[in-house]
Amino acid sequence: MHAALDWAFSPNGDTALGIELTAGFVPVWMHLLSFVECSTRIEHALAHFGPEFTCVPKLKAQLYVALGFALLNTTGSADRMKAALSIGLVLAEELSDLELQLKAVWTLWSYNLNSGQYAAAKEVGERYLEIALRTPNPANEAVGRRLIGAAAHFFGMQEDARRELTLSLDHAAHGLNGGANQMWFLLNQSVLAKAMLARVLLLQGKIAQSRSLAAECLQEAQREKDKLAIAYALRNAVCPIALMTHDLAAAEQAISSLLELVTREGIAFWTSWTSCLKGQLLVLQGKHHDGIALLRGGLKARTENGWLMRNPEFLGSLAEGLLAGGEAAQALAAVEEALSMSRQGRQLWCLADLLRIKGEILLANDPTNLSRSELLFAEGLSVARDQQSRFYELKVAAAWARIMAGSNRQQTALDLVGPVSALFDQEIDLPALAFVRALAEIPGISLSTCDGDRPASCTCH
C-alpha cells in the first residue's frame with residue numbers, strides 16, 4: 001500500500017486513485033492504531049484536491065472527518081482537530097448525506113468531550129440523536145444515546161446519564177460491521193457504553209455493580225482482541241474505578257496494562273493519560289514526589305494540546321499530593337485551577353470532591369479557621385446530593401466528620417456521615433466506610449435517624 005500511494009501521488013501517477021486508496025485504507029490504519037501515518041496520509045491526499053480534480057465529493061468530507069479522529073489519537077492539537085471536523089461537517093451538510101453528517105457530528109462530539117467542554121458535548125450529542133432518528137439504522141440511535149449519556153455523566157447529571165447509557169445498551173444493534181464499522185472507525189460501541197455506565201454506577205454508590213461492569217467491558221474487548229477498545233475500557237473504567245475505590249493493587253495492574261499497550265502500539269495521545277493515572281496511583285501510595293512529577297508532566301502535555309478531559313480530577317490529585325508533601329500554597333493553587341476549569345467547561349462530575357480538597361487545604365493552612373472549610377464541605381455535600389452522587393456525598397461527609405471527631409464532636413460526626421454510609425454495602429472496602437465503622441464503635445455514641453443535612457442543627461423526623 002505504501003508503494004501504491006507513493007506512486008499514485010508522484011508526477012507520473014494517478015492522483016484520483018491515490019485519494020480513493022487513502023480513503024479506503026483509513027479503517028486499516030485505524031485498526032492497526034497507526035494514527036500518525038493515517039493523519040499524515042490523509043493530509044497528503046487532501047493537499048492534492050484541486051479544481052481540476054472532480055472526485056466523488058463525499059470522499060473529501062470523509063477524509064476531513066477521518067483526519068479529525070486520527071488527530072485525536074496523536075499529539076495533534078485540539079484546534080487542528082476542530083478545524084478538520086468543521087470542514088468535514090460543512091461538506092456533509094452540503095451533500096445532505098445523513099450518515100456522513102452523523103460521522104462528522106460524532107467526531108465533533110469527541111472533540112468537545114476530550115477538550116473538556118461538556119455542555120457543548122451534550123448539545124452535540126443531542127444534535128446527533130436528532131439526525132440519527134431520521135435514519136433507518138437503529139445502531140445510530142444506540143450510539144446517540146451513548147453520546148448523550150457520556151456527556152451527561154461528566155456534566156454531573158448521573159441519573160440522566162444512567163438512563164441514556166442503559167437505553168443505548170438495551171438496543172440490540174451493537175454489531176456494527178461492514179460499512180458501519182468503517183463509519184465508526186472500528187470502535188466497539190458496547191465496550192464504550194459499558195465503561196461509561198460503570199463510572200456512573202460508581203458515583204451512584206453501586207460499587208460492586210460498577211466494578212463488575214468495568215471488568216465485563218474489559219473482558220469483552222480482550223475477547224475480541226480489540227486493542228483500542230481495551231485501551232478505552234482501561235482508561236475510562238477499570239483504572240479510575242480502582243483508583244477511586246482505593247483498590248491499589250488492581251489499579252497498579254490496570255495502569256501497567258494500559259501503559260504497556262500504549263507503549264507497544266505507539267499511541268502518542270494516550271501517553272499523557274498514562275502519566276496522569278500513574279501519578280494518581282503514586283500519590284495514593286504515598287510516593288508523593290514521583291506522583292507529583294508525573295501528574296505535572298501529563299497535565300502540561302494535555303493542556304498544551306488543548307485536551308482538558310478529566311484534567312480537574314487530575315489537578316485535584318496533584319493538589320492532594322502537594323498538600324501531603326508539605327506544599328500547601330502550591331496545593332491551593334492547583335485546586336483553584338481545577339475548580340475554575342471544572343466550572344468553565346462544566347466538568348461538574350467531580351466538583352464536590354474538589355470542594356472537599358480545597359476545604360482540607362485551607363484547614364491545613366489555618367487549623368483555627370474551621371468556618372471556611374465547613375462552608376466548602378457544606379457546598380460539596382449540596383453539589384453531590386444535587387447530582388445524586390452518593391460516592392462523593394460519602395467522601396465529603398467523611399472528610400467533614402473526621403474533623404468533627406477530631407474536635408470531640410463524635411456524635412455530630414456520626415450523625416452527618418452515618419445515614420449516607422448506610423446506603424452502601426458494608427462489605428465494600430472503602431476508606432470512608434472503614435472510618436464510619438470505627439466511629440460507630442466509640443462507646444457512648446450511636447447512629448441517630450436525623451437527615452444529616454446540617455449536622456449542627458440536625459432534627460429527627
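Nothing here was measured: the structure is a model prediction, and the numbers come from that model.
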Do the side chain of [X] and the main chain of [Y] share a donor and acceptor less than 3.5 angstrom apart?
X: T135; Y: I131; answer: no
X: S115; Y: Y111; answer: yes
X: W29; Y: E37; answer: no
X: T22; Y: G18; answer: yes

Any side-chain donor near an acceptor of the partner, [X] and [Y], under 3.5 Å:
X: S342; Y: Q347; result: no
X: R211; Y: T245; result: yes
X: Q117; Y: R346; result: no
X: E99; Y: N140; result: yes
X: N311; Y: R302; result: yes
X: E220; Y: S190; result: yes

Is [X] salt-bridged to [Y], cutoff N-O under 4.0 Å?
X: R356; Y: E320; value: yes
X: K358; Y: D353; value: no
X: R163; Y: E159; value: no
X: E126; Y: K122; value: yes
X: E20; Y: K60; value: no

For E260, does the CD atom have more than 12 heavy-atom neighbours from other residues, nucleotides or ligands under 6.0 Å away?
-> yes
Would L85 and L89 satisfy side-chain contact (heavy atoms from CB on, under 4.5 Å), going step by step from the backbone distance to the final call?
-> CA-CA 6 Å; L85 293 177; L89 181 55; over 6 Å; no
Flag this pair as yes if the NZ/CZ of R235 is under 6.0 angstrom from the six-membered ring centre of W270 and inside a 45 degree cone about the axis; otherwise no.
-> yes
Under the 6.0 Å and 45° cation-pi test, does R310 pair with W273?
-> no
Search all heavy atoms of [X] against all heavy atoms of [Y] and return the closest pair with its distance.
X: A251; Y: L243; result: CB-CD2, 3.8 Å
X: F9; Y: T15; result: CE2-O, 4.0 Å
X: A193; Y: S168; result: CB-OG, 4.2 Å
X: V335; Y: I357; result: CG2-CG2, 3.9 Å

Would you say L430 and H246 make side-chain contact, with heavy atoms under 4.5 Å?
-> no
For this output row, return yes or no: ring centroids of F154 and Y118 closer than 6.0 angstrom.
-> yes
